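Owing to the predicted nature of the structure, the values given are computational and were not obtained by experimental measurement. When a ligand or atom number is given, it counts from 1 through the structure's own listing order.
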Amino acid sequence: MARAIYPGSFDPVTYGHIDIIKRAADIFDELTVSVLSNSAKSPLFSVDERVNMLKEVCSDLKNVRITSYMGLLAEYAQDEGFDVIIRGLRAITDFEYELQMAQTNHKISESVDTVFLTTSLEYAYLSSSIVREVARYGGDIHNFVPDLVAEQVYAKAGIDRNGKQ
Ligand code: ADP
């Protein structure tokens, strides 16, 4: 039975992430989506808030669970018995960093391999930072994230709108 982990910041989760989650959940027996608790970044949402949003948007996916982790991904993956790390590739610009990370992780934990899923074309442009940026200026983010996420992004950004004109 293959167990996979999809790590990321998910600050916030977007339709691009959800696309990767659904496709990975179809391929692997068990998928754990794990929020990186990284003290070096100053995220918009706390780890708990990101975990809770992921739980809500993944609630209908029976073989998906949500966790968070700190420290080295490769060690966490090995300690928790994951076989595969899932990462999404949007563009060639993602590739160099992702290749370096995958090779480093494999060097640290030889039992763990990285599998890349390429983005669906409709989400190729989409990133959490774009969502945060558009919301900061009061733009409509409902095409980028589920409604429950959009509400929380606007609330966090102190913007009184539901993205409707
Ligand atoms: P990180 O800070 O680890 O890059 P992100 O939350 O930005 O975390 O992304 C987590 C993973 O999801 C990464 O592998 C990233 O390439 C992938 N990803 C992000 N946005 C998209 C998208 N629109 N389509 C496909 N994959 C994506």
Row check, Phe45 ring normal vs Arg50 NZ/CZ: under 6.0 Å, within 45°: no
Polar contact flag for Phe10 and ligand 1 (N/O pairs, less than 3.5 Å): yes
Tyr15 vs Ile18 side-chain heavy atoms within contact, under 4.5 Å: yes
Criterion side chain to side chain contact (heavy atoms under 4.5 Å, CB included) against Arg3, the qualifying member of Asn63, Asp83, Leu31, Asp29: Asp83
Ser127 N/O to ligand 1 N/O under 3.5 Å: no
Taking atom 24 (N) of ligand 1 as the reference point, the nearest protein heavy atom with its distance: Thr119 OG1, 3.0 Å
Residue part near ligand 1, for Tyr6, under 4.0 Å between non-hydrogen atoms: side chain
Atoms in ligand 1 with a heavy atom of Leu126 nearer than 4.0 Å: 20 (N), 21 (C), 22 (C), 23 (N)
Note, Val57 side chain near Leu148 side chain (heavy atom, < 4.5 Å): yes
All pairs passing ring-ring contact (aromatic ring centres under 6.0 Å, His included) where residues 84-124 contributes a residue, at least two apart: none
Closest protein heavy atom (residue, atom, distance) for atom 8 (O) of ligand 1: Ser9 N, 3.0 Å
Any N/O pair Arg90/ligand 1 closer than 3.5 Å: yes
Under 3.5 Å: donor-acceptor pair, side chain of Glu49, backbone of Ser46: yes
Under 3.5 Å: N/O of Ala124 near N/O of ligand 1: no
Residue and atom name of the nearest protein heavy atom (relative to atom 7 (O) of ligand 1), distance in Å to one decimal: His17 NE2, 4.1 Å
Proximal atoms of ligand 1 relative to Gly8 (non-hydrogen, under 4.0 Å): 3 (O), 8 (O), 10 (C)
Evaluation steps, side-chain hydrogen bond (donor to acceptor under 3.5 Å, both in side chains), between Ser128 and Asp11: CA-CA 6 Å; Ser128 299; Asp11 187 36; over 6 Å; no
Contact with ligand 1 for Ile20, non-hydrogen, under 4.0 angstrom: yes
Short N or O distance, Gly88 and ligand 1, threshold 3.5 Å exclusive: yes
Heteroatom distance test (Thr14, ligand 1): nitrogen or oxygen, under 3.5 angstrom: no
Electrostatic pair Glu30:Arg65 at N-O distance under 4.0 angstrom: no
SB check Arg23 Asp19 (cutoff 4.0 Å): yes
Nearest-neighbour protein heavy atom for atom 4 (O) of ligand 1, which is reported as residue plus atom name and distance: Arg87 NH2, 3.4 Å
